[in-house]
S.K.: 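Let me give you the structure first, and then I'll get to my questions.
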Number of protein chains: 2
Amino acid sequence: MSDEAKSPPAARPRRTQAERSQETRNKVCEATLQALVEVGYEQISTTLIAQKAQVSRGALTHQFPTRNDMLVAAFEKLVGEWREGYPFGLDPDKEQLSVDELIDALWNNIFADGRYIAAMELMLAARQDNELGHALRDILVSWIRKRDRITVRLVGGDVDDAEADLKVQLHLSVLRGIAMHQSFDSDPQTANKLIDLWKRIARKA
Amino acid sequence: MSDEAKSPPAARPRRTQAERSQETRNKVCEATLQALVEVGYEQISTTLIAQKAQVSRGALTHQFPTRNDMLVAAFEKLVGEWREGYPFGLDPDKEQLSVDELIDALWNNIFADGRYIAAMELMLAARQDNELGHALRDILVSWIRKRDRITVRLVGGDVDDAEADLKVQLHLSVLRGIAMHQSFDSDPQTANKLIDLWKRIARKA
DNA sequence: GAAGTTACGAACTGGTCTACCTGTTTTCGA
DNA sequence: TCGAAAACAGGTAGACCAGTTCGTAACTTC
């Protein structure tokens, strides 16, 4: 059995401290987002997340001293993914999207994802929590600012045009409302029909 | 001090058992809804609600054996108020509303209320809880069915017209999305601007 | 007005969660 | 290579909460 003794936990490549930290943090954040979608905010506990992430509770609490730290980091990761993916590989300075394309892009890349609902639940749950709430809002505003500016350009509007900005806000509100509808409604087709109807109406406006 | 002994807890009018029950149930439901708005779903505990409602915990648990029973009853009360108030004293068989009037009526009577956001939070929080979730959904569907049918008639559509129904769903989705926006956004005027923009667009469609 | 029923009050219990704390292993820097 | 520091592992304490139990008070019925 000397062979087993010499190569015990299979291949364990040497990692830097930064890599070790990042790996645990990623695993925890990913597990948190997954749990938000699967079991909901209320069920989330540090113990559950540690199990899901295949990480000891000690490692988790070392990286995230408080439960809020963990939730904030997970939220930050999600928003970061939105931020990185936007505007879907396009160059807003050169390209412009038709209304239909914009709606599809926003819907498919952000609002249709179960993670969007998870984010909504988190935001709603934290809307009164001064500590968690403020942290989440701070993360949101920077992303929202970028998102809105790029979106206005994508549809060919002037960045400083209040009317164009309002139109973008309405687009986002409509998709948000449909996403919420979808999360309650049993018929998955309704969302698509609503999207199509909104496209028809938005085209004329 | 014989006077004090003879009239101890001030004036205590004689109530029937039904009245006593109804009074505690009402106080608890009202406190629950208020707490949902003020401190959010996560903070709600039977202890907190009993305190807010000025009711002993024993009285609460007697009326609502489980915490879910309490939440369901509160939700039922809220939906009941919507149901009773709808369609805002109008007769949908005789009267019809312009698009502007419909939007204003829906917004002012339902979506602009902080309780609507509270209901959303409750629904989102319960979306994974099979027991609470099903109970809330059951309460919702009966109200939604009535709401949608009346709304379609209010705008002069045929009840069985799928297109008219879809339009109503879009109206509701837009207002829902704006309501969510409002609960996060710091500027309270944005919601009004979005409503106005939506009116202009909806008028043309 | 007495027995029975319902509403209420208060204390207790079993379980869970967060934050903290003490050792151990891995990596880093000189 | 060796001491320091960071990452990790696991356990504990204190608080809280939902549900239960049991005794008391208010109401109802006959």
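Lettering follows sequence order; numbering is per chain, from 1.
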S.K.: To the nearest angstrom, how far is Met70(A) atom CE from dC17(C) atom C1'?
M.R.: 12 Å
S.K.: Quickly work out the Gln22(A) CD to dA7(D) P distance and round it to whole Å.
M.R.: 11 Å
S.K.: Respond yes when some side-chain nitrogen or oxygen of Thr24(B) is under 4.0 Å from OP1 or OP2 of dC8(C), and no when none is.
M.R.: yes
S.K.: For Asp69(B) and Thr66(B), which I'm curious about, is there any donor-acceptor pair between the side chains at under 3.5 Å?
M.R.: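 Yes.
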S.K.: For dT6(C), take OP1 and OP2 only and decide whether either is under 4.0 Å from a side-chain N or O of Gln63(B).
M.R.: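 So the side chain of Gln63(B) is outside the cut-off, no N or O lying under 4.0 Å from OP1 or OP2 of dT6(C).
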S.K.: OP1, OP2 of dA7(C) versus side-chain N and O of His62(B): anything below 4.0 Å?
M.R.: yes
S.K.: Between Arg20(A) and Arg20(B), just flag the one whose closest nucleotide in DNA chain D comes earlier from the 5' side.
M.R.: Arg20(A)
S.K.: Any side-chain N or O of Ser56(B) below 4.0 angstrom from OP1/OP2 of dA10(C)?
M.R.: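 No, outside the criterion.
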S.K.: So which pairs with a foot in residues 170-181 of chain B pass side chain to side chain donor-acceptor pair (under 3.5 Å), sequence neighbours left out?
M.R.: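 Found Arg176(A)-His181(B), His181(A)-Arg176(B), His171(B)-Trp198(B), Ser173(B)-Arg176(B).
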S.K.: Quick one: which protein N/O atoms are closer than 3.5 Å to N/O atoms of nucleotides 28-30 of chain D? Pair and distance per line, please.
M.R.:
| from | atom 1 | to | atom 2 | distance (Å) |
| --- | --- | --- | --- | --- |
| dT28(D) | OP1 | Gln17(B) | N | 3.4 |

S.K.: Can you confirm whether the side chains of Gln17(B) and Arg20(B) place a donor and an acceptor under 3.5 Å from each other?
M.R.: yes
S.K.: Can you check the Glu42(B) CD to dC17(D) C1' distance for me, whole Å?
M.R.: 13 Å
S.K.: Give the rounded distance in Å between these two atoms: CZ of Arg67(A) and P of dC16(D).
M.R.: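 Interatomic distance, CZ of Arg67(A) to P of dC16(D): 15 Å.
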S.K.: Establish, with yes or no, whether the OP1 or OP2 oxygen of dA19(C) is under 4.0 angstrom from a side-chain nitrogen or oxygen of Thr61(A).
M.R.: no
S.K.: So does Arg57(B) reach the base of dG9(C) with its side chain, donor to acceptor, closer than 3.5 Å?
M.R.: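 Flag unset: no donor-acceptor pair detected.
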S.K.: Regarding Tyr116(B) and Ser183(B), do their side chains bring together a donor and an acceptor under 3.5 Å, going by distance alone?
M.R.: no
S.K.: Against the six-membered ring of Tyr86(B), is Arg149(B) placed for a cation-pi contact (under 6.0 Å from the centre, within 45° of the normal)?
M.R.: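 Checked: cation-pi criterion not met.
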